[in-house]
Structures are given as C-alpha cells and as structure tokens.
Amino acid sequence: MYTFDSLINGEWRSEGGAEFTTLNPSSPDERVGRYTTTSEALLGEALSSAGAAQAAWQAMPPAERGRLVGAYLDAIAARTDDIAKAVTLEQGKPFGESVGETGKALREARYMAGEAVRSHSGVVPAQKPDCRNLVLRRPRGVIAAVTPWNFPVLTPLRKIAPALAHGNAIILKPSDLTPASACLIAEAAEGILPPGLLQIVHGGGELGSALVRHPRIDGVTFTGSAETGRRIFAAAAENLAELSLELGGKNAAVINDTDDLDRCLDQVFGAACQCAGQRCTAISRVIVAQDLHEAVLAGLKARAEAQVIGNGMDQATTLGPLVNAGQLDRVSGFVSRAVEAGAEVVTGGAPADVPEAPTGYFYQPTVLNSVVPSMEVARAEVFGPVLSVLTYRDYDEAIDILNDVEFGLTSSLFSNDSRLIQRFLNESQNGMLHVNHGTIPDDHMPFGGIRNSGVGAYSVGPSAVNFYTTEHSAYLQYPEGTQ
Ligand code: NAD
C-alpha cells in the first residue's frame, strides 16, 4: 500500500488533513494507496515556501538548474518499474503501457532540461541612434498545476520539467484517483532539488480551486475536462494569472484511401484503445469513404475481438479496465443511448466479464456502425474503448463531419492524394494534424488543442517557454557614438 501525505517545503506533512484511499480498478476491493488531503494551513505554507524557493532557484545560473533537473530525471528513470507499477495499480492500464508512459514522460522532460540553457532572448535593431533593444525572458514565478487520472506520470512530469528548467517553483495537485506515481516522482527529487521547489498537495476539486485562485500563483497549468477547464479559467481570472489549459477531444481519423489498410487500421485501433480509450488524443470517430466501409468495419471488429481484457499486471493483458465505476457507467450510458438513437453494435457494446477479475471495471472494445454526425456518441467525449464509424460521399462532407464538433485537439487523415492532404492541413480544425498515422505525438513537438480543447500556450517542446516565462522588452541607450 502506498502511503503519502502532502509534500510541503521538503517534508511529508498531514496536519489537519482527512484520509482518503485509492482502489485498484481491476479489483476494486483492493486498496492501493492511503493519503491525506491538504489543509488550508498547509496550502498556505506551500505557497510561501514556493515563493522563497523560487527566488533562490531563479538566481542560480541556468546551466546549473539544467544540470540539477537532468540529475532529477536520472533518479526518476532509475525507478521506472516502481513508478509504472503504481500507474497500473491505480489507473488500470497494462504494465507495458505504464512503462511506455514513464519513458515518454522522461524523453519529453529531457528536452525540457536543455531548455534551461537555450537562449530565448534576442537582440532587436533599435529605432533610435546609439540604442540597442533586447527581448529578455524571466521565470514566471510560482506555478499551480492540476492534473487528471489518465496519465498519472506523463501529465505531471510534462508540467514539472518545464516549470523547473525555466526557473519556476511548482505546486502540483494530482488527481485524487491516481496520486501514487506523482508522489513517487516527487520523492525522487529528495536530495537533488532544493526543498520547496516541487510540492505536492492532495484533494479533489475544492482544493484544486483554492490552489488556482490563490493570489500568490503566477501561472496555472491544467489538464482535464473542458467543464473543469471553464471553472479554472474563471478562477484564474480573479488574479489575472497566466493560463494554459489542455482539455478534451473528439478526435477522428478520416480514411479516404490507403495502400496498406492493415497498417492504417492498426494505427487507428491503437489510438482508439490504448489506456482503454481514456486518452484525450484517443480516436473515437472513424470517418470512412463508402468504398472502404465494409473492409474497415471487418478490420476493426477483428482487432477488437483479438484483445485480451484483464488486470494490467497480467503480462497477457492488452486492454485494462476503466478507471472507476463512474467511468464504467458513463461509457455504458453513451453506448446504450447510441443504440437507442439507431447505431448498430458491430462488436462489444457491454461491460466485459473477466473471470479472474470479476469485480473489475472492464468494458468490451466496441465498434458502432450507422452512426450519424448528429448523434450524441458522434459529438461527446466518451473516454472509453468505443469507436463510432461514419461514412461520407465526398471529401467536402468528410471535412464537414470532421469539424462538426466542439473540440479541436487532434485528427488523422489516411490518403495518398496530395491535394486532399493539403486541404486537410489547411482545413482540419485541430491543434494536431497527422497524415497516414494515428494520433500518438512526438516527444518534442508542440502539444495542444484549439476551440474547446485548449487555451494558452501549447506544452511540450519549444512552445512551453511561452507559458513558463515572462517577456521583457529592454531599451539600452548608450552614450553618443559608443555603439
Ligand atoms: P477533471 O476535469 O474531472 O479533473 C482534472 C483535475 O482537476 C483533477 O485533479 C480534479 O481534482 C481537478 N479539479 C476538479 N474540479 C476542479 C476545480 N473546480 N478547480 C480546480 N481543479 C479541479 O478531468 P479527469 O476526469 O480527471 O480527466 C479526464 C479529462 O481530462 C478528459 O476530458 C480528457 O480529455 C482530459 N485530458 C486532456 C488532456 C490534454 O492534454 N488535452 C490530457 C489528458 C486528459
């Protein structure tokens, strides 16, 4: 059993907190972690120690900061298997996926450690004689980070590494369903990073709200649902704190033509069902040309029926459970209402019976046919292993269906027609655009969404600097004739 309190100024503290536990979604009678919520008094201590730690960190030469962040990442890497196990036990995904998540988090973070010494400043020609203009950057200050349960290592580290490399302190509130791995990565900082720079607070929405609206917070980075994102946007507005929101998606693959349908469907199905479909970048709509419709349905059905559903710690498992009973009800509800509205179940369509784990929150990988764009299942974020198949007559209609949702996170086009590829790059209303592959992003590419999928600077790679630093325009007047 994992046991963690709040990490405040380098010490694990519990005063004034209430106990809460986490469960294994493969066998919910098994308690996995025991934690205490963070009291208002401890949150206050976290905020004041973050300010002091940040001032000293900012004064440190950036190369030294980058070296310490690198050493910290080495300490996390040395604990990869322990961290991945905590992810699987609390979140449910297969252990191999948890190891993959930890590896990806570290690769993204190593790029960020290098950001400490990359020059983000510039010299700009001046309008006036004997003048030189500089554009400088400084750390933003104290960052509040609030993260969801689906990527319990990747999302926290995607915020911690750039915050630290760019000279900030960070207070992280992980999801109360999956805090163990965030606590393990915070523990790995002991003896490497100065205390107070990375702190962990625990609780649900109420604590998250108290954190993000606090006047000592200089920037709020949030990953989660659009609904919570709206609340956080309003809360951060009270102090006009800088904001970066990464929200939900209703991602689609348009399959127009392909010379390798097997490879195409492997990519689409993988993007749909990894993490049991509980990914913001999961493909949940397949928009297919009529001549490929039958072949696509058959190929998706075969892939769904080949899945081994079970406990993520079993080596044979390819599809784990949904995270909790609420998520199982939610996914079941979407599918039942889709069927009532006229969708046809090609395969799946119900919770899965797993004899070795009879109480787990498993749902069968599901393919729905005869879905039309107006149905709820074609518009809302399902967050489960459910693929809706829609057809189109011409490419204009495909683009209309693709864009006819509130979200704009990621999208795929399968085609070898350069004219259609060009149109997709111009017309897909999404932050991320993939041609002839699924929606898994690279470790150094800007990551984010438009419309109701995101607000503010993208994270990952070079974009993060725009959130984690402030910009300063400096005008230097020299004595006449000295420049
Ligand atoms: P959620 O919005 O319910 O919760 C996310 C976090 O916000 C949790 O830590 C929660 O405790 C906290 N929270 C809740 N109410 C709050 C409030 N009023 N103020 C401050 N914090 C509050 O999301 P979830 O169910 O944990 O995660 C699933 C969602 O996350 C999906 O919509 C998914 O698409 C999205 N997501 C997006 C990305 C991305 O990068 N775009 C990545 C992963 C997940």
Side-chain angles (χ1 to χ4, degrees), residues 20 22 35 37-38 43 90-91 93 101 104-105 108 144-159 171-179 181-182 200-214 217 220-238 241 243-251 274-284 322-324 326-327 330-331 334 380-384 405-410 430-432 439-441 445-460 463-464 467:
F20 69 100
T22 55
Y35 309 89
T37 57
T38 306
L43 180 62
E90 283 189 334
Q91 201 283 333
K93 66 182 74 174
E101 176 184 339
K104 178 165 175 49
E108 287 185 1
V146 177
T147 54
W149 45 262
N150 57 343
F151 285 94
V153 177
L154 180 71
T155 315
L157 205 54
R158 192 177 270 178
K159 299 179 188 307
I171 302 177
L172 170 73
K173 191 203 85 61
S175 166
D176 51 356
L177 295 178
T178 55
S181 42
I200 303 282
V201 294
H202 292 295
E206 211 173 304
L207 179 78
S209 177
L211 173 64
V212 302
R213 70 177 66 239
H214 199 283
I217 291 295
V220 175
T221 169
F222 167 74
T223 300
S225 63
E227 195 187 343
T228 307
R230 280 191 188 91
R231 288 197 199 109
I232 290 185
F233 205 158
E238 287 175 24
L243 203 70
S244 169
L245 303 179
E246 297 200 333
L247 309 173
K250 186 65 189 174
N251 315 301
Q274 265 185 25
C275 196
Q278 301 165 115
R279 290 168 60 227
C280 59
T281 52
I283 290 177
S284 72
L322 298 174
V323 75
N324 63 11
Q327 193 63 16
R330 191 181 132 86
V331 172
F334 275 119
E381 186 181 42
V382 174
F383 234 50
V405 289
E406 65 174 291
F407 296 107
L409 191 58
T410 188
N430 287 280
M432 293 175 282
T439 56
I440 310 283
M445 279 287 280
F447 181 98
I450 60 171
R451 303 161 112 197
N452 288 355
S453 290
V455 174
Y458 283 13
S459 59
V460 188
S463 308
F467 172 72

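Whatever order the structure lists ligands and atoms in, that order sets their numbers, starting from 1.
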Check ligand 1 against the protein and report each N/O to N/O distance under 3.5 Å, formatted as atom name, atom name, distance.
residue, atom, partner, partner atom, Å
ligand 1, 2 (O), Ser225, N, 2.9
ligand 1, 2 (O), Ser225, OG, 2.7
ligand 1, 2 (O), Thr228, OG1, 2.8
ligand 1, 9 (O), Thr147, O, 2.8
ligand 1, 9 (O), Lys173, NZ, 3.0
ligand 1, 11 (O), Lys173, NZ, 2.9
ligand 1, 19 (N), Ser209, N, 3.4
ligand 1, 25 (O), Trp149, NE1, 2.9
ligand 1, 26 (O), Trp149, NE1, 3.1
ligand 1, 30 (O), Gly224, O, 3.4
ligand 1, 32 (O), Glu381, OE1, 2.7
ligand 1, 34 (O), Glu381, OE1, 3.4
ligand 1, 34 (O), Glu381, OE2, 2.5
ligand 1, 40 (O), Glu246, OE1, 3.2
ligand 1, 41 (N), Leu247, N, 3.3
ligand 1, 41 (N), Leu247, O, 2.5

Only one of Arg279, Lys93, Arg158 passes salt bridge (charged side-chain N to carboxylate O under 4.0 Å, His left out) with Glu101, and that residue is Lys93
Any chance the side chains of Thr38 and Lys173 put a donor and an acceptor closer than 3.5 Å?
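No pair is found: no donor N or O on one side chain lies under 3.5 Å from an acceptor on the other.
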- Message: Can you confirm whether the side chains of Glu406 and Asn452 place a donor and an acceptor under 3.5 Å from each other?
- Response: yes
Atom CZ of Phe20: over 12 foreign heavy atoms under 6.0 Å:
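Enclosed.
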So, does Thr37 use its side chain to make a donor-acceptor pair with the main chain of His202 at under 3.5 Å?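 No: the side chain of Thr37 does not pair with the backbone of His202.
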task = Please check if the side chain of Ser244 supplies one atom and the backbone of Thr221 the other of a donor-acceptor pair under 3.5 Å.
result =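 No: the side chain of Ser244 does not pair with the backbone of Thr221.
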